[in-house]
There are 2 protein chains.
Amino acid sequence: MSNADHLIEKQLNSETIYEGKVITLTVQTVELPNGKQAKREVVLHPGAVTVLAITADDQILLVNQFRKAPNSLLIETPAGKLERGEDPLTSAKRELEEETGYQAAEWKHITSFYTSPGFADELIHCYVATGLTMVEQKLDEDEFLDVLHVTAEAAEQMILDGRIADAKTVALVYWWLRERMREGK
Amino acid sequence: MSNADHLIEKQLNSETIYEGKVITLTVQTVELPNGKQAKREVVLHPGAVTVLAITADDQILLVNQFRKAPNSLLIETPAGKLERGEDPLTSAKRELEEETGYQAAEWKHITSFYTSPGFADELIHCYVATGLTMVEQKLDEDEFLDVLHVTAEAAEQMILDGRIADAKTVALVYWWLRERMREGK
């Protein structure tokens, strides 16, 4: 018996409500630690990657794109969904090149996190990419975005005044600010 | 004509697939900037709050709880959904007290961000709370979690080794690390 048994929910069944192109909605019945039953609305997602790409002149590449869910333009680190069976690093390299036109010589995994664990299983793998070389932007036919080059100071200000309002981007910008302070920048 | 017209999607209609207790799933038809049509799967969520609560001995309060969507225990900053019409700061105070048993004398809004803008409209309002006083934990009858007290060094290590794997928590911990370095800690 694990010492987490007082926290764990046991799944009793799962009903698929909708299978979409990107997400699947299920409603799951669970048994709570106190023996009672509850329903959980769970969105299944294939997972995603995002990239903090740092240029030779110490700026990061951000993309400004319209997001239908919040119904607004959002400024974010380049990102994309994992394709079926795809290795996250391969996906990160593909997304950076498609969205910004850059390839990177050095890649490092920073961390991976769930974005909305209260209702979705989306896990985002976060990378930092340096040694950038411009090749060619290869947006999907139906993908529309602008690429921005942003300094550390500007990125922090954009978080504090609300122009950057995306969780993964806030996490990666503060990771970068912390790294830069550690390096004495 | 705005200079963002080359990015904006226009909503043509929205079909409600499922209305749950927490989320509503819609499928929306949009017109892309190139005139083509596309479908967007959009999860509607009431929004949420989260709190970086810093104790007098410079530790943060985190909660370890089971999350059915990722199907695992997650260590997170205290958080909760907005109730209908509720002011986010009121919600943040309620969630901190319910989940950890602490009240705070000083509250500051840090930033607000979308967690999964690719498919959901969940917006989380982030606060830092100091001047903590222990009152009494008031968990909902069907809520189960453990409260942890964690130093800055331990929190960073937990992100890097994967024990903290939640986007809002990663963002807030790095915000805190940055603030502490700025203060010379």
Side-chain angles (χ1 to χ4, degrees), chain A residues 4 6-9 17-18 20-23 25 27-28 30 32-34 36 38-43 45 48 64-71 73-74 76 111-124 142 144-146 159-160 162 165-168 170-171 174-175 177-178 181, chain B residues 4 6-9 17-18 20-23 25 27-28 30 32-34 36 38-43 45 64-71 73-74 76 81 111-124 142 144-146 159-160 162 165-168 170-171 174-175 177-178 181:
Chain A
H6 65 293
L7 300 175
I8 302 285
E9 298 176 357
I17 305 291
Y18 182 80
K21 278 178 61 183
V22 177
I23 59 177
L25 174 63
V27 175
Q28 304 180 0
V30 298
L32 301 176
N34 62 6
K36 290 170 67 177
K39 297 282 187 186
R40 298 286 181 238
E41 297 153 8
V42 173
V43 173
H45 184 281
N64 186 26
Q65 64 186 137
F66 187 79
R67 292 295 210 166
K68 188 64 191 73
N71 209 38
L73 288 164
L74 282 187
E76 304 170 52
T111 191
S112 299
F113 46 59
Y114 293 99
T115 52
S116 301
F119 65 92
D121 73 345
E122 185 191 34
L123 181 68
I124 294 196
D142 292 337
F144 305 89
L145 56 81
D146 290 345
I159 291 170
L160 296 177
D166 168 60
K168 66 182 174 302
V170 172
Y174 276 113
W175 175 87
L177 291 166
R178 160 92 168 145
M181 286 184 89
Chain B
H6 66 292
L7 300 175
I8 303 284
E9 298 176 358
I17 304 293
Y18 181 82
K21 278 178 61 183
V22 177
I23 59 176
L25 175 63
V27 175
Q28 304 180 0
V30 298
L32 301 176
N34 62 7
K36 291 170 67 176
K39 298 282 188 186
R40 298 286 180 239
E41 297 154 8
V42 173
V43 173
H45 184 280
N64 186 26
Q65 63 186 137
F66 186 80
R67 292 294 210 167
K68 188 63 192 73
N71 209 37
L73 289 164
L74 281 187
E76 304 170 53
K81 287 185 298 293
T111 191
S112 299
F113 46 60
Y114 293 100
T115 53
S116 301
F119 65 92
D121 73 346
E122 185 191 33
L123 180 68
I124 294 196
D142 292 337
F144 305 88
L145 57 81
D146 290 346
I159 291 170
L160 297 176
D166 168 60
K168 65 182 174 302
V170 172
Y174 276 113
W175 174 86
L177 291 166
R178 160 91 168 147
M181 287 183 89

Quiz item: Between B:Gln65, B:Gln28, B:Lys168, B:Lys81, which shows the greatest number of heavy-atom pairs under 4.5 Å with chain A?
Solution: B:Gln28
Quiz item: Among B:Ala167, B:Gly118, B:Ala171, which residue forms the greatest number of heavy-atom pairs with chain A at distances under 4.5 Å?
Solution: B:Ala167
Is chain A contacted by the side chain of [X], its backbone, both, or neither, given a heavy-atom distance below 4.5 Å?
X	result
B:Arg178	both
B:Glu9	both
B:Leu7	both
B:Tyr18	side chain

At a heavy-atom distance under 4.5 Å, which candidate from [options] has the highest pair count against chain B?
options	value
A:Val27, A:Asn71, A:Leu160	A:Val27
A:Lys68, A:Lys36, A:Arg40	A:Lys68
A:Ala38, A:Ser116, A:Gly20	A:Ser116
A:Asp142, A:Leu32, A:Val22, A:Ile159	A:Asp142
A:Ile17, A:Ile23, A:Leu25	A:Ile23

Please give me the minimum heavy-atom distance between [X] and [Y], naming the atom from each residue.
X	Y	answer
B:Ala120	A:Pro70	O-CD, 4.1 Å
A:Pro117	B:Leu74	CB-CD1, 3.3 Å
A:His6	B:Phe144	O-CB, 3.7 Å
B:Asp121	A:Ala69	CB-O, 3.4 Å

Quiz prompt | Exam field: side chain B:Glu41 to backbone A:Lys21, donor-acceptor pair closer than 3.5 Å | solution = yes
Quiz item: Out of curiosity, A:Arg67 CZ to B:Tyr114 OH, how far, rounded to the nearest 0.5 Å?
Solution: 12.5 Å
Self-check item: B:Ile8 side chain reached by A:Leu73 side chain, heavy atoms, under 4.5 Å
Solution: yes
